[in-house]
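Step one of this worksheet: look at the structure below.
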Amino acid sequence: MKRSTLVRGTAVTGAFAMALTLTSCAGSAADQAAPSSDLTIGSVDLSADCPATIVVQTDWNPEAEHGHLYEMIKDDFTVDANTKAVTGPLMSDGEYTGVNLEIRAGGPAIGFQTVSAQMYQDDAITLGYVSTDEAIQLSSTTPTKAVMAPLDISPTMVMWDPETYPDVKTIQDVAPALEGNGGVWRYFDGSAYIEYLKSAGLATPAILDGSYDGTPSNFVAAGGKDMQQGFASAEPYVYQNEVSAWGKPVEFALIHDSGWQTYQSSMSVKAADFDELSPCLTELVPVLQKAGVAYYADPTAANDLILQLVEEYDTGWTYTQGVADYSVKTQIDLGLVGDGPDSTYGNFDDARFADFFDKASTVYTDLGTPPADGYTPEDLYTNEFIDTSISF
């Protein structure tokens, strides 16, 4: 079986998130002087306004959803398997930008704590992947501000056996079907979207089971009776092709379609660093946008790097070429990545963000972790650095 026992979770409740907080890893390349380079700086020069090494903290092991980052160092990089980081000259359109990029793995590499917590423990981190729900929940303790959205729609989903549940098509169909069949919806305990679904009448305590541990064993053992959370850009392929005990298709529905429309893995900075980093972000964010467009046009080299890193990091996470290929295609086909409702890649939709802020604020207030006093959506994100001419 090709599946890891590690959990890829969504945003968790405050008590659980803080309980996972550990000390940060030491000894990364960013702790030292940036590697010298004899490359000629091209049309984009980040060296005057950005750190010599731009450090990005991701939220999981290397995977295709992070491809836009690896696209920028795919041809020249140094791997540190001890700290689970890779560093190389930051390239844009094939030209050197005058700085280096260090990409750090998340999840098991940082003790499964939130990216926000890791950013506040290590001042070397320039940007981190912070989903909107995490940013709202932790705004009073580890405030962050998002500057780009690599993913337009979150891949988080619920999946089921279509042979057992042939009439289930949407999130709205899930609860009645499970209630009628005596099944449960297995999810990662602490997932905030579950609280929203309960408040919206789309899930009931009777069908919810927070025991999901990232392995397929319980889903397989239930023989199709139960449903389970996952990533639409990974698990459907894995269960059909790499979980031999299952070995058949699953169907799924995106949590996004229920109305819980978080921006997954938004590129974010610490709120207190925003003003200082603004000159850098003015030049850097369009580079990030271009890298995303380039990656999805031809992910081959970046995916080769991702697969190499998974092997060298050796965290217990398994990721194959088949999953990477499926992920890229599925992200595009489902609109998980793309220009969204307009013609720009990487920006945030103002109305959507405001709607989600209201929903998430209600959920987190009920959970005892309300957003910071006086916070508005504008405190959590900005489109000011986005180049509106960059699109898929």
Side-chain angles (χ1 to χ4, degrees), residues 8-11 58-71 106-107 115 129-135 146-160 169-171 187-188 191-193 196 228-240 249-268 288-299 302-303 306 319-320 322-349 352-353 355-356 381 383 386 390-392:
R8 174 180 23 204
T10 52
T58 68
D59 53 4
W60 192 241
N61 294 283
E63 57 185 348
E65 289 83 357
H66 306 167
H68 69 112
L69 293 180
Y70 296 103
E71 177 70 22
V115 171
Y129 278 170
V130 181
S131 297
T132 310
D133 36 10
E134 177 184 328
V147 298
M148 181 201 164
L151 293 170
D152 191 61
I153 294 175
S154 171
T156 305
M157 56 83 167
V158 58
M159 68 182 194
W160 59 87
K169 305 297 180 184
T170 70
I171 292 289
Y187 65 95
F188 178 55
S191 297
Y193 74 85
Y196 164 74
Q228 186 170 282
Q229 82 163 55
F231 260 27
S233 49
E235 271 80 359
Y237 177 89
V238 170
Y239 275 69
Q240 182 172 353
V250 296
E251 293 292 337
F252 62 87
L254 295 170
I255 301 302
H256 177 92
D257 294 336
S258 74
W260 185 258
Q261 298 186 344
T262 184
Y263 283 97
Q264 185 88 21
S265 306
S266 298
M267 300 289 293
S268 305
L288 297 173
Q289 291 176 268
K290 288 182 180 180
V293 173
Y295 170 73
Y296 288 98
D298 183 5
N303 279 352
I306 288 169
Y319 200 71
T320 65
V323 182
D325 293 342
Y326 170 85
S327 178
V328 171
K329 184 179 187 303
T330 301
Q331 289 178 63
I332 295 171
D333 289 350
L334 294 181
L336 307 183
V337 65
D339 298 337
D342 55 23
S343 58
T344 300
Y345 166 64
N347 61 335
F348 300 90
D349 181 87
R352 171 181 157 186
F353 204 108
D355 176 71
F356 183 78
Y381 82 103
N383 284 321
I386 294 289
I390 298 174
S391 63
F392 269 62

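Hydrogens, waters and symmetry mates play no part in the numbers below; they use all other heavy atoms, side chains included.
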query = If you round to the nearest 0.5 Å, how far is NZ of K329 from OH of Y237?
reply = 13.0 Å

message = Using modelled atom types and a 3.5 Å cut-off, is there a donor and acceptor pairing between side-chain atoms of S131 and backbone atoms of D133?
response = no

query = Is there a donor-acceptor pair under 3.5 Å between the side chain of N383 and the backbone N or O of N347?
reply = no

query = With sequence neighbours excluded, what pairs up with Y70 under the ring-ring contact (aromatic ring centres under 6.0 Å, His included) test?
reply = none

key: Main-chain N/O of R352 paired with D349 side-chain donor or acceptor, under 3.5 Å   = yes

ask   = Between H66 and N61, do the side chains contain an N or O donor and an N or O acceptor separated by less than 3.5 Å?
value = no

request  = State, with a plain yes or no, whether a side-chain heavy atom of W160 is found less than 4.5 Å away from one of V250.
outcome  = no

inquiry  = For Y187, give me all partners under ring-ring contact (aromatic ring centres under 6.0 Å, His included), at least two apart in sequence or on another chain.
reply    = none

query = I153 versus L334: any side-chain heavy-atom pair under 4.5 Å?
reply = no

remark   = Rounded to the nearest 0.5 Å, the OH atom of Y326 sits from the CG atom of D333 at a distance of 9.0 Å

task = Looking only at non-hydrogen atoms, find the nearest pair between I386 and G346 and report the distance.
result = CD1-O, 3.4 Å

inquiry  = Could you tell me if Y263 and D152 have a donor-acceptor pair between their side chains, going purely by distance under 3.5 Å?
reply    = no

query = Taking side chain as C-beta onward, heavy atoms only, is Q331 less than 4.5 Å from P155?
reply = no

ask   = With a 3.5 Å cut-off and no angle check, do the side chains of S154 and T156 form a donor-acceptor pair?
value = yes

message = If you define the side chain from C-beta out and look only at heavy atoms, does anything of Q229 sit under 4.5 Å from F188?
response = yes

key: Separation of Q240 CD from E235 CD (nearest 0.5 Å)   = 13.5 Å

inquiry  = With heavy-atom distances below 4.5 Å as the criterion, would you say the side chains of M267 and P150 are in contact?
reply    = yes

ask   = For the side chain of E71 and the backbone of G67, is there at least one donor-acceptor N/O pair under 3.5 Å apart?
value = no

key: Under 3.5 Å side-chain donor-acceptor pair for E65 and S265   = no

remark   = Closest non-hydrogen contact found for A146 with F348 is CB-CZ, 3.5 Å

ask   = Any luck finding a side-chain donor-acceptor pair between E134 and Y129 under 3.5 Å?
value = no

request  = Determine the minimum heavy-atom distance between H68 and Y345, stating which atoms define it.
outcome  = CB-OH, 4.4 Å

message = For the CD1 atom of I390 and the OG1 atom of T344, what is their distance to the nearest 0.5 Å?
response = 9.0 Å

Test ring pair (Phe, Tyr, Trp, His ring centres under 6.0 Å) applied to F356 and W260, step by step = CA-CA 7 Å; F356 183 78; W260 185 258; 4.6 Å; yes

ask   = Taking all atoms of both residues into account, what is the closest heavy-atom pair of G259 and Y196, and its distance?
value = CA-OH, 3.7 Å

ask   = What is the distance from atom CZ of F231 to atom CE of M157, rounded to the nearest 0.5 Å?
value = 9.5 Å

task = Report yes or no: does S327 contribute a side-chain atom to a donor-acceptor pair with the main-chain N or O of V323 at less than 3.5 Å?
result = no

ask   = Do P236 and F252 have side-chain heavy atoms sitting under 4.5 Å apart?
value = yes

Nearest non-hydrogen partners of V115 and V130, listed with the distance = CG1-CG2, 4.1 Å

ask   = Nearest 0.5 Å, what's the CG-OG1 distance between D325 and T320?
value = 8.5 Å

task = Locate the shortest heavy-atom distance separating T170 from A253; write the atom from each residue and the value.
result = C-CB, 4.1 Å

ask   = Can you tell me if S191 uses its side chain to pair, donor with acceptor, with the backbone of Y193 under 3.5 Å?
value = no

query = Counting distance only, does the side-chain N/O of T262 pair as donor-acceptor with the main-chain N or O of T132 below 3.5 Å?
reply = yes

